[in-house]
Amino acid sequence: MPLPHRPELFVGRGQELDQLDAALATPGTALVQAVHGLGGIGKSALAAHWAATRPHGHAPIRWITADTPTAIQQGLAELAIALRPVLAKALTTEALAEWGLQWLASHTGWLIVLDNVDNPSDIAPLIARARTGRFLLTSRLTTVWNDAATLVRLDVLEPDESLALLTRTATAQHPGRDMDGTADLCDELGHLPLAIDQAAAYLAQNPLTTPRTYLRLLAEDPAAMYRNGAVITDAERTIARIWNITLDRITQLQPAAADLLRTLAWYAPDHIPTALADLADPLVRDEALGLLTAYSMITPDLATGTLAVHRLVQALARTPDSSDLHRASHQIGQAREQAIANLNTALPASSEDPGSQRVWRALLSHIEALADHTSVDTDTVATVRIFHGAGLFLTVQGLSNQANGYLRRCLTAQERLLGRKHPDTLACRNSLAYAYRSAGDLDHAISLYEQNLKATVRVLGRKHPDTLSSRNNLAYAYQSAGDLERAIPLHEQTLKDRIRLLGPDHPHTLTSRNNLALAYETAGDLKRAIALHEQTLKDRIRLLGPDHPAALTSRNNLAGAYSSAGDLERAIPLHEQALEGMVRVLGETHPTTLTSRNNLAGIYASTGDLRRAIPLYEQIFTDALRVLGEEHSITGTVRDNLTAAIAERDGRTPPS
């Protein structure tokens, strides 16, 4: 058949076109070029555009659909008829195909585009016999074209290219129409050419529909929008149908691969750890990943050991559609539960040690995607565990405002699932209060802590360890708010009770002693503060080791107490020692490290050593701004300290 070239639907692809040009410019190269990629990525459009517009010098040019042996035979028969029309009435289809193949084998200079090759063995006899011209293949298959002289992998369009493609079609007949939201629509469609074309045709047919309206329709009824195009859109060329053809083939070969693709749909599209692609049988999982890769449904990143899935593939794979055998509601539900189970299995046990922090960072975008794709009404104990862990990690990292959303959702779900007085619900409320306190929202924090302490006493009793933790947390919130009259007695009572019930060496007991020391220091009782800090540091080193984060915190706190007492000879070396340990164990930009660096700069400033204080403040501010953001309390504190230090150096009064 002739080339199906539609120049109005082609944009960009300059690099890929140049690759195909370069292959022909070298004499004696192999006769096969292959273009591969995801269904709808524009492989056929690239092949047709190159064959129709580039100066390759080949003739004749024929286009053969090559997805089945029957289609290939029909294409060769049509070639024979095009070359010798009289044969149409004289030969059968089989004989015509053989005549066409013989013609190719005995002539030079021709170009045959074999479109949508689904099985390399289907075209192997053709390529083996006809070696005097050029074949250009298109295929969803990725990993089977080792013999091709040129292998062109297509990716999505650049944002400006997809914007141009959609605008060109949508405004062709209606140049003055409202196109607000076009860039957002292209982003939502993942810059996939077929999806852009489908949306553009819909908009062209419906001139009163704006891109913003299309986005709303896509959100309200995605199944219909992926399935239906405009009147002029070929039903076989919609997003849903194109990928269904691939999924039909994948499911025939390995049903678990389709299950795995639906599971991966619940995560972020990029940097998916292979742990989230878990299946019960590792061998089946590896086969499934290999098959999905071969058909371009996923893209492995060998450098990072992660996977990527186009966001529109994900959107389709998690959207139920009763008319689609691959997207029945029970399949979507099973995939969601498997995605949740895989995330739960991958969660680190801790949120503080460096190894766990790396894992948390790798999982955060996927937890966020799961939260976006599900609702609190469908949350389970499993999702609560995921979101609770993410909230705590973000709080520890100083990102309390982000943590609040997860922890509020956890609390809402736990109250629905377990009731307001269940211990797990109380734990969620405590974590939310902790996030509020870390963000500086002490009114909300104190209110929640007071509410939680009353409920904990009522449910668990006054001597339960969780009750003591609630009392400690409330005391610390009072302390943070400057209410030492309530904070110190509560700290003192909690420390006594923890010593009696948990023992003097329990980590919670050491925490109470540390917090009481800080409260004494804030109240100006430095003698008792220093004694408690010294004892806590000794005990934490003895029990946890000198490089444990708690021991490093105690060293930092003791240095602060020495500084408050004016004992800078002991304060500065201890601060420097604590900071060196925090950088080594927690990293340069951990919130605790940033706070310690700020404290050391403060000591330098207090001794008049502004030459060391100001550069340190500047570096801390740069790091805090980059990692925590402009609105974070640590960033604000460092900014104020830097401003004051510069004003002192310049002999000015710092702004109030």
Side-chain angles (χ1 to χ4, degrees), residues 8-9 11-12 38-42 155-235 237-244 262 264-270 308-324 327 332 336 365-366 368-378 405:
E8 75 278 6
L9 296 182
V11 296
L38 177 67
I41 205 72
D155 207 337
V156 297
L157 295 171
E158 293 296 324
D160 60 330
E161 294 170 347
S162 61
L163 186 67
L165 179 59
L166 192 147
T167 303
R168 181 190 303 168
T169 302
T171 62
Q173 300 298 322
H174 309 282
R177 67 179 302 167
D178 181 2
M179 292 298 290
D180 177 55
T182 304
D184 291 338
L185 178 55
C186 290
D187 287 343
E188 182 66 24
L189 297 175
H191 307 287
L192 187 78
L194 180 60
I196 299 295
D197 182 31
Q198 186 174 333
Y202 186 97
L203 292 173
Q205 177 184 292
N206 301 279
L208 297 181
T209 299
T210 68
R212 292 268 179 228
T213 305
Y214 193 95
L215 278 167
R216 177 176 56 77
L217 294 172
L218 196 59
E220 292 174 353
D221 193 355
M225 299 305 288
Y226 297 139
R227 183 175 61 245
N228 302 328
V231 171
I232 62 172
T233 302
D234 184 349
R237 294 291 300 167
T238 62
I239 286 295
R241 183 58 185 146
I242 285 290
W243 290 339
N244 269 13
R262 285 187 289 268
L264 296 176
W266 295 93
Y267 305 132
D270 300 309
V309 188
H310 190 276
R311 61 182 299 171
L312 209 57
V313 172
Q314 290 182 306
L316 193 74
R318 64 173 181 267
T319 301
D321 187 342
S322 58
S323 66
D324 188 338
R327 294 187 288 136
I332 302 296
R336 182 184 64 247
S365 65
H366 307 294
E368 181 179 0
L370 179 67
D372 289 342
H373 301 324
T374 57
S375 68
V376 67
D377 295 335
T378 61

Qualifying residues under side chain to side chain donor-acceptor pair (under 3.5 Å), relative to [X], sequence neighbours excluded:
X: T171; answer: none
X: D184; answer: R212
X: T182; answer: none
X: T213; answer: T210

Between [X] and [Y] (side chain of the first, backbone of the second, donor and acceptor by atom type, cut-off under 3.5 Å), is there such a pair?
X: S162; Y: P159; value: yes
X: R311; Y: P269; value: no
X: R327; Y: T319; value: yes
X: W243; Y: V313; value: no
X: H373; Y: W266; value: no
X: Q314; Y: L264; value: yes
X: H310; Y: L38; value: no

From [X] atom [atom1] to [Y] atom [atom2], the distance as rounded to the nearest 0.5 Å:
X: L215; Y: D187; atom1: CG; atom2: CG; result: 9.5 Å
X: R336; Y: T374; atom1: CZ; atom2: OG1; result: 8.0 Å
X: I196; Y: E161; atom1: CD1; atom2: CD; result: 11.0 Å
X: L163; Y: D160; atom1: CG; atom2: CG; result: 7.5 Å
X: L166; Y: L203; atom1: CG; atom2: CG; result: 6.0 Å
X: E188; Y: L312; atom1: CD; atom2: CG; result: 8.0 Å

Could you pull out the closest heavy-atom pair between [X] and [Y], with the gap in Å?
X: M179; Y: T167; value: CE-CA, 4.2 Å
X: A265; Y: A317; value: CB-CB, 3.7 Å
X: L185; Y: A199; value: CD2-CB, 4.4 Å
X: A195; Y: L189; value: O-CD1, 3.7 Å
X: G40; Y: L192; value: O-CG, 3.6 Å
X: G190; Y: V156; value: O-CG1, 3.4 Å

Mind checking side chain to side chain contact (heavy atoms under 4.5 Å, CB included) for S323 and listing every partner two or more places apart, or none if nothing turns up?
R227, D321

Kindly indicate whether the side chain of Y214, heavy atoms from C-beta on, has any atom under 4.5 Å from the side chain of N206.
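They are not in contact (no side-chain heavy atoms under 4.5 Å apart), so the answer is no.
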
Inter- and intrachain pairs under salt bridge (charged side-chain N to carboxylate O under 4.0 Å, His left out), touching residues 213-225, at least two apart:
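Residue pairs with at least one partner in residues 213-225: R216-E220.
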
